[in-house]
Amino acid sequence: MSGLRIDERPDRLVVTLDRPEKRNAIDAELIGELHDVCAELEARPRLLLLTGGAEGIFAGGADIGQLRERGRLDALAAINSAAFARIRALPMPTVAAVDGPALGGGAELAYACDLRVCTARAVFGQPEVRLGILAGAGATHRLPALVGEARAKELLFTGRRVDAAEALRIGLVNRVVDEPAELLPAAHGLLDEIAKGSSLALRLTKLAVDAPPAAHPHLDLVSQAVLFEDEEKRRRMTEFLERRRPR
């Protein structure tokens, strides 16, 4: 892959955007590589850590040179939004580790992950209306779910940038670290905590949380029925009870 660096570990895939000369701008080739990553994680579900490789940059947005030349058929092809939706639907939890700007499509890529960790110098923004388009790769529905409708509309209408402190306050990110060197350890630490859970329970929990309201409580009941019969559940509960047993 030319636009991504992949670090494959037993329980997770670490994917680093690697287009420093373009500020990690998201072009068609990079989108194709993200589809390849999704195919791998769909076939063999693991955790995902997504980050930017350039110093002080997550992703500066879509590649404007390519975007300027796209027409209505390209928009209908959902080039970026289809890849981000696929990331959102991955079987296991995903974490975006953001250092520096995550703008436009870069911010939407971060929103597509389940959780976000960022540095104190991270900034998020949706400048699309100032370029004559809308945030069409997920922000119009994911951002309201994260920060509320009124605040999302303000950010989408104005293109105003959100710094790390505000992002934490409004629920756009889960954690902020002071120094860039702390970012990946913090993101891996969060994934380590997640990895302590049952893989099947994590998958079904993610399905339940992401399901439309009409799916509840039926999806919850069926998922719990599956887990109640899982041998992993019996093993974990037996170990818990044995730890609690008086010596």
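For the numbers below, each heavy atom of this structure counts, side chains included, while hydrogens, waters and symmetry mates do not.
- Remark: Arg175 CZ is loosely packed, at most 12 non-hydrogen atoms of other residues, nucleotides or ligands lying under 6.0 Å away.
- Closest non-hydrogen pair, Ala152 versus Val147, comes out as N-CG2, 3.8 Å.
- The distance from atom CG of Asn80 to atom CD1 of Ile31, rounded to the nearest 0.5 Å, is 4.0 Å.
- Shown here is Arg86, whose CZ atom has more than 12 heavy atoms of other residues, nucleotides or ligands within 6.0 Å.
- The CG atom of Leu47 sits 11.5 Å away from the CZ atom of Arg9 when rounded to the nearest 0.5 Å.
- Atom NE2 of His218 sits in a sparse spot, with 12 or fewer heavy atoms from other residues, nucleotides or ligands closer than 6.0 Å.
- In this structure Arg203 satisfies the side-chain hydrogen bond (donor to acceptor under 3.5 Å, both in side chains) test with no other residue, sequence neighbours excluded.
- Linking ILVMFWY residues whenever their side-chain heavy atoms come closer than 4.5 Å, directly or via other members, leaves Val37 and Val95 in distinct clusters.
- Taking all atoms of both residues into account, the shortest heavy-atom contact from Val176 to Ala164 is CG2-O, 3.8 Å.
- Taking a 4.5 Å side-chain heavy-atom cut-off between Ile, Leu, Val, Met, Phe, Trp and Tyr, the cluster of Leu134 contains only that residue.
- Of all heavy-atom pairs spanning Ala167 and Val162, the tightest one is N-CG1, 3.5 Å.
- For the side chain to side chain contact (heavy atoms under 4.5 Å, CB included) test with Leu4, the passing option among Asp36, Thr16, Leu30 is Leu30; the others fail.
- Residues Met92 and Ile87 are members of separate hydrophobic clusters, defined by side-chain heavy-atom contacts under 4.5 angstrom among Ile, Leu, Val, Met, Phe, Trp and Tyr.
- Under the 4.5 Å side-chain heavy-atom criterion for ILVMFWY residues, no single connected hydrophobic cluster contains both Leu90 and Leu49.
- We find that Arg19 and Glu33 are not joined by a salt bridge, their nearest charged nitrogen and carboxylate oxygen being 4.0 Å or further apart.
- The closest donor-acceptor contact from the side chain of Arg46 to the backbone of Arg44 lies under 3.5 Å.
- Atom CG of Leu67 sits about 11.5 Å away from atom CG of Asp27, to the nearest 0.5 Å.
- Cluster membership check: Leu48 does not share its hydrophobic cluster with Leu191, using side-chain heavy-atom separations under 4.5 Å among Ile, Leu, Val, Met, Phe, Trp and Tyr.
- In this structure, Val177 is not a member of the same hydrophobic cluster as Val173, with clusters built from ILVMFWY side-chain heavy atoms closer than 4.5 Å.
- Crowding of Glu242 atom CD: a count of heavy atoms from other residues, nucleotides or ligands under 6.0 Å exceeding 12.
- Atom CG of Leu155 and atom CZ of Arg151 lie 7.5 Å apart (nearest 0.5 Å).
- Residue Ile26 comes nearest to Phe84 through the heavy atom pair CD1-CZ, 4.0 Å, listed as atom of the first residue, atom of the second, then distance.
- Applying the side chain to side chain contact (heavy atoms under 4.5 Å, CB included) criterion to Val226, with sequence neighbours excluded, gives Leu200, Leu204.
- Atoms CZ and CZ, on Arg160 and Phe124 in that order, are 13.0 Å from each other to the nearest 0.5 Å.
- Listed by chain and residue number, His188, Asp192 satisfy the side-chain hydrogen bond (donor to acceptor under 3.5 Å, both in side chains) test with Arg12 (two or more places apart in sequence, or in another chain).
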Please list, one pair per line, the donor and acceptor atoms closer than 3.5 Å that link side chains of residues 102-119 to other protein atoms, with sequence neighbours excluded.
unit_1 : atom_1 : unit_2 : atom_2 : d
Glu108 : OE2    : Ala137 : N      : 2.9
Glu108 : OE2    : Gly138 : N      : 3.1
Glu108 : OE2    : Ala139 : N      : 3.0
Tyr111 : OH     : Gln126 : OE1    : 3.0
Asp114 : OD2    : Thr94  : N      : 2.9
Asp114 : OD2    : Thr94  : OG1    : 3.2
Asp114 : OD2    : Lys206 : NZ     : 2.9
Arg116 : NE     : Leu172 : O      : 2.7
Arg116 : NH1    : Ala110 : O      : 3.0
Arg116 : NH1    : Cys113 : O      : 2.7
Thr119 : OG1    : Asp99  : OD1    : 2.7
Thr119 : OG1    : Arg121 : N      : 3.4

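- Of all heavy-atom pairs spanning Ser2 and Glu29, the tightest one is OG-OE2, 2.6 Å.
- Not counting sequence neighbours, the partners of Arg236 by the side-chain hydrogen bond (donor to acceptor under 3.5 Å, both in side chains) test are Glu232.
- Note that CG of Leu227 and OG1 of Thr205 are 7.0 Å apart. Values are rounded to the nearest 0.5 Å.
- For Glu149, the CD atom counts as loosely surrounded, since its 6.0 Å shell holds 12 or fewer non-hydrogen atoms of other residues, nucleotides or ligands.
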Take Arg70 and Ile79 through the test side chain to side chain contact (heavy atoms under 4.5 Å, CB included) and record every step on the way to the result.
CA-CA 10 Å; Arg70 290 179 184 174; Ile79 295 171; 3.9 Å; yes
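- Taking each heavy atom of Asn24 and Gly53 in turn, the nearest pair found is ND2-N, 3.7 Å.
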